[in-house]
Amino acid sequence: MAAPFKKYRYLLEPRCRFRIGPRHAEVIEQREEGYLVLWEEWVDPDTGEVHERKPGMLTHERVANENNYGQLVVIQRPKVIVLDKQTIRRHWRTRDETSRMLVKKAHALVAEELIAEDMFQGRRAEFERFAELITSRARSIHAKLVAELGEPKARNGKRAVYGSLQRSEHQFKLKLRGGSNGGQSFYNWFRTWKSKGEDGLFDKYRNCGGNTPYPSELDDFVAGLIDDLVDRERLDFSALKDSVRAAIQAENARRFSQTPPQPTLPLPGYAYVQKQARRMGYAAHAGRSHGIDDAYKDLHALGVGVETSRALERVEIDEYTIDLTLLMKITGLFEYLTPDEKKGAWT
């Protein structure tokens, strides 16, 4: 009697494209003993020999071993949707973007309710006529949408990491400009929501200038990392960059190895790391790096300063060169000159 096959994890599937080392292949059929694959033509980097395209059998054991040693790379799966490069995934959205989207969705849901109640037919003029009613109902629906998110709240007494963002609850913020009651905007939000869903309600403010190139997730990660490094390594501001970049590279390697791979964090430069470290403050950094006693000696005022008993007892004069015309303009004396005197002052 033949021994039963050992149970393996099915890491591949039919029509799945993958790579083992330099060799690319595609799964043709999945069997009990392994996978029937079609190896593509490839060139041996050591000998330069060109291997032709041919089918072959790949056992479950070999697939598991190649995966454990990091040689198996899945390029594309048939059931995975290939998104456009311009598509922004939901977990990449910032908190402010989600807050603005929830406000728009609340108005769209109210419009759908009013249409179901036969209060109007969904025309633009009707949105402008019932704008106040839509806004009043949208507040209650917005509260339900926020509650459905199920975000955990901070526990009392939990130590706050310096520099981390204090994330408040999603609030109902609606700004109407130009004296409009918002009916035109509500109409556009409703049509966008019906055609594109929630993804269409996200704005494109992230494409505007003046924004930091680093996500808020990186701010929290670096802030918590510096908070630990200052206590543990006693580093100066100038020596934190290498430690922070090494930690980010290790975190990116961990995220890339997950299934499916998670988005990685960008590597910041020295100016960004220094800015995050400065948010702690010189006094806090000195106290935690060198101790309270040494920090007090370096940062506190020396003595009571200069003591005087009468006016002009001690006069200190700093001498430097300044343009006379500029001095007269600063003090206002230039306005008292005659036109001829002003003309002579400029020559």
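Keep in mind that what you see is a predicted model, and the values were worked out from it rather than measured. By convention here, the first residue in the shown sequence is residue 1.
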For atom CZ of R53, is the number of surrounding heavy atoms from other residues, nucleotides or ligands below 6.0 Å larger than 12? no
With side chains defined as the heavy atoms from C-beta onward, is the minimum distance between F186 and V110 less than 4.5 Å? no
Could you go through the side chain to side chain contact (heavy atoms under 4.5 Å, CB included) check for T94 and E97 one step at a time? CA-CA 5 Å; T94 63; E97 289 177 321; 3.2 Å; yes
So R23 and E66, salt bridge (Lys or Arg N to Asp or Glu O under 4.0 Å) or not? Walk me through it. CA-CA 12 Å; R23 304 183 62 182; E66 298 290 355; over 6 Å; no
Contact check, side chains of W39 and I20, non-hydrogen atoms, under 4.5 Å: yes
C16 side, atom SG; I28 side, atom CD1 - distance, nearest 0.5 Å: 11.0 Å
Linking I/L/V/M/F/W/Y whenever any side-chain heavy atoms sit under 4.5 Å apart, do M57 and V63 land together? no
With under 30° as parallel and over 60° as perpendicular, where do the rings of W42 and H51 fit, or are they tilted in between? parallel
Within a radius of less than 6.0 Å around CD of Q262, do more than 12 heavy atoms belonging to other residues, nucleotides or ligands occur? yes
Distance col, row T192:OG1 vs Y187:OH, nearest 0.5 angstrom, shows 10.0 Å
Compare every heavy atom of V27 with every heavy atom of Y35, then report the nearest pair and how far apart it is. CD2-CG1, 4.1 Å
Locate the shortest heavy-atom distance separating A138 from A106; write the atom from each residue and the value. O-CB, 3.6 Å
Is the shortest heavy-atom distance from the side chain of F190 to the side chain of I115 under 4.5 Å? yes
Mind checking whether I248 and T264 have side chains closer than 4.5 Å, heavy atoms only? no
Distance in Å, R77 CZ paired with I75 CD1, rounded so as to fall on 0.5 Å steps: 11.5 Å
Same cluster (ILVMFWY, side-chain, under 4.5 Å), M101 and L149: yes
Under the side-chain hydrogen bond (donor to acceptor under 3.5 Å, both in side chains) test, which residues partner R139, sequence neighbours left out? none
Closest non-hydrogen contact found for P78 with P14 is CG-O, 3.3 Å
Checking E126 side chain against Q121 main chain: does a donor-acceptor pair fall under 3.5 Å? yes
Salt-bridge criterion met for R124 and E128 (N-O under 4.0 Å): no
With side chains defined as the heavy atoms from C-beta onward, is the minimum distance between I141 and E113 less than 4.5 Å? yes
Which heavy-atom pair separates P55 from L38 by the least distance, and what is that distance? N-CD1, 3.7 Å
Hphob cluster co-occupancy, V74 + Y10, side-chain heavy atoms under 4.5 angstrom: yes
Membership question, hydrophobic clusters at under 4.5 Å side-chain separation (ILVMFWY): are V73 and L58 in the same one? no
Out of R17, E26, E52, K54, which one pairs with E40 under the side chain to side chain contact (heavy atoms under 4.5 Å, CB included) rule? R17
Check the pair R137, E117 against salt bridge (Lys or Arg N to Asp or Glu O under 4.0 Å), reporting the backbone distance first and the verdict last. CA-CA 14 Å; R137 285 195 181 186; E117 296 173 3; 3.4 Å; yes
Could you go through T59 and E33, starting from their C-alpha distance and side-chain angles, then the distance that decides it, and tell me whether this counts as side chain to side chain contact (heavy atoms under 4.5 Å, CB included)? CA-CA 6 Å; T59 63; E33 62 274 15; 6.0 Å; no
Is E148 salt-bridged to K144, going by a charged N under 4.0 Å from an acidic O? no
Under a 4.5 Å cut-off applied to non-hydrogen side-chain atoms, are L12 and Q30 in contact? no
The single option from R93, R255, R95 passing salt bridge (Lys or Arg N to Asp or Glu O under 4.0 Å) against E217: R255
Does any part of the side chain of F120, heavy atoms only, come nearer than 4.5 Å to the side chain of L133, both counted from C-beta? no
Please name the pair of heavy atoms, one in V37 and one in A25, separated by the smallest distance, quoted to 0.1 Å. CB-CB, 4.5 Å
In this structure, CG of L201 is separated from NE2 of H107 (nearest 0.5 Å) by 11.5 Å
When rounded to the nearest 0.5 Å, the distance separating OG1 of T98 from CD of E198 is 9.5 Å
Do the side chains of W189 and L145 join up, straight or via other hydrophobic residues, at under 4.5 Å, putting them in one cluster? yes
What closest approach, in Å, do A247 and F221 show between heavy atoms, and which atom pair accounts for it? O-CZ, 4.1 Å
Point-to-point distance, once rounded to the nearest 0.5 Å, from CZ of F18 to CD of Q71: 13.0 Å
Do Y272 and V222 have side chains that get closer than 4.5 Å, going by heavy atoms? yes
